[in-house]
Amino acid sequence: MSQLLTVGNPKTAKGEGLGYLTAILHLAPADTSSVMNVCPWATEGCKAACLNTAGRGGIFRKGETTNAIQEARKRRTEWFKRARGHFVATLAYEINRHAKRAAAHGLKPAIRLNGTSDIPWEKVAPFLFTQNPGVQFYDYTKSPERAAEQYSGKTWPIGGFRAVWPSNYHLTYSRNENTTDEAMRFMLRCGVSVAVPWGAPLLENDAWEATHRRWEPANVVDGDANDLRFLDPRGSVVLLKAKGRAKRDTTGFVLR
Ligand code: SF4
């Protein structure tokens, strides 16, 4: 039984048609676990609209404010906080098992470690990437520095060595209410793709044309067609329909 990685998200299932089996690690976002903040770059808008409440994770019995999915995410976060070595060893085991399962189905393995968190795994557990060169890891991040770092060639010290960005880890920057248009254009020109939550259905309200006019990206991608962001051309704007509580956002996190 899997304790950390889950397979079967409706959106990631779309990736199977493109040859990828995706597994996701979900923690309790931001500081909702009460033991640690797993989203150091979170904004008020993204916290209020977090995907934590999309899908089955957002279904609560009448009068209740939590459910089994939310409680499991909190337990995992507490495990990560209190027994990091054991947590990461279990994660490494489950990544390996996911790769084997994907191969058995004739699919390539893909993994999102930050399904509902923004942990810099390249610094926290870089060996997860180097030990699994056949696994494609990908995430979204609210940190422009992390997103840009993947293409910078920058190195940093780890255990007496110098580490470089793992070649099998792709990040997409998530636009939020604090992202300026200037910063958007800069990141896109640097080849970083940027996800933009959009409040109206795609093609309504001229979303594609408006995106081209406003930020001049190399490409505009329908982010709801699949979740395989590492297949997008570099420097794409990824349009995502607002889901869960994001539909009611008033902070500017969701564009309308
Ligand atoms: S950074 Fe992502 S996971 Fe964390 S609170 Fe914001 S939207 Fe949710």
Side-chain angles (χ1 to χ4, degrees), residues 9-20 22 24 29 39 41-43 45-46 49-52 54-55 110-118 136-151 165 168-247 249 251-256:
N9 173 308
K11 187 169 163 190
T12 57
K14 294 177 186 170
E16 290 179 33
L18 295 168
Y20 285 89
T22 305
I24 306 187
C39 303
W41 303 280
T43 64
C46 88
C50 184
L51 277 182
N52 192 37
I111 293 185
R112 262 181 77 180
L113 294 172
N114 284 323
T116 40
S117 54
D118 201 352
Q136 176 64 59
F137 296 85
Y138 70 103
D139 273 321
Y140 300 80
T141 182
K142 294 283 179 306
S143 163
E145 288 79 18
R146 268 192 90 208
E149 214 166 56
Q150 68 187 311
Y151 300 127
W165 191 272
N168 54 343
Y169 192 21
H170 179 274
L171 289 185
T172 299
Y173 175 69
S174 285
R175 182 196 177 275
N176 56 72
E177 71 273 24
N178 298 331
T179 310
T180 63
D181 283 353
E182 193 183 3
M184 279 279 293
R185 286 193 208 97
F186 180 74
M187 268 185 285
L188 291 166
R189 276 200 298 271
C190 291
V192 175
S193 291
V194 183
V196 179
W198 200 273
L202 294 186
L203 300 180
E204 281 183 26
N205 294 343
D206 207 13
W208 293 72
E209 270 188 50
T211 300
H212 273 295
R213 273 198 307 273
R214 185 163 174 180
W215 298 305
E216 299 160 4
N219 296 278
V220 181
V221 173
D222 176 358
D224 291 303
N226 63 69
D227 197 42
L228 305 175
R229 297 281 64 83
F230 50 88
L231 297 181
D232 297 337
R234 275 183 61 175
S236 293
V237 163
V238 182
L239 295 179
L240 294 162
K241 271 182 263 184
K243 301 170 190 70
R245 288 189 311 217
K247 290 182 198 159
D249 170 72
T251 67
F253 174 66
V254 173
L255 277 189
R256 289 172 201 285

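Reckoned from all heavy atoms, side chains included, excluding hydrogens, waters and symmetry mates.
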Looking at [atom1] of [X] and [atom2] of [Y], how far apart are the two atoms once the value is rounded to the nearest 0.5 Å?
{"X": "Trp41", "Y": "Thr43", "atom1": "CH2", "atom2": "OG1", "value": "13.5 Å"}
{"X": "Tyr138", "Y": "Thr22", "atom1": "OH", "atom2": "OG1", "value": "4.0 Å"}
{"X": "Asp232", "Y": "Thr172", "atom1": "CG", "atom2": "OG1", "value": "6.5 Å"}

Aromatic contact, Phe230 with Tyr20 (centres under 6.0 Å):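 Yes, ring centres under 6.0 Å apart.
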Could you report the tightest heavy-atom contact between [X] and [Y], atom names first, then the distance?
{"X": "Val254", "Y": "Ala246", "value": "CG2-O, 3.5 Å"}
{"X": "Pro217", "Y": "His212", "value": "CD-CA, 3.8 Å"}
{"X": "Ala225", "Y": "Lys14", "value": "O-CD, 3.1 Å"}
{"X": "Val221", "Y": "Pro233", "value": "CG2-CD, 4.4 Å"}

Are [X] and [Y] side-chain neighbours, meaning at least one heavy-atom pair lies under 4.5 Å?
{"X": "Leu171", "Y": "Glu149", "value": "no"}
{"X": "Ser193", "Y": "Arg229", "value": "no"}
{"X": "Leu240", "Y": "Asp224", "value": "yes"}

Ser143 backbone acceptor or donor facing Thr141 side chain under 3.5 Å: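 Present.
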Flag, side chain of Asp139 to backbone of Asn114, donor-acceptor distance under 3.5 Å: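 Looks like yes, one N/O pair under 3.5 Å.
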Test item: side-chain donor near acceptor, Thr179 and Tyr173, under 3.5 Å: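 Their side chains do contain a donor-acceptor pair, which is all the 3.5 Å distance test asks for.
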Pair Asp118 + Arg146: basic N to acidic O under 4.0 Å: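 Arg146 and Asp118: salt-bridged.
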Asp227 with Arg112: basic N within carboxylate O range, under 4.0 Å: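 Between Arg112 and Asp227 there is a salt bridge, with a charged N closer than 4.0 Å to a carboxylate O.
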Pairs where residues 207-216 contributes a residue and the test salt bridge (charged side-chain N to carboxylate O under 4.0 Å, His left out) is met, not counting sequence neighbours: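 Residue pairs with at least one partner in residues 207-216: Asp181-Arg214, Asp206-Arg213, Glu209-Arg213.
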Tyr151 atom OH, over 12 foreign heavy atoms within 6.0 Å: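 Atom OH in Tyr151 is packed in, count exceeds 12.
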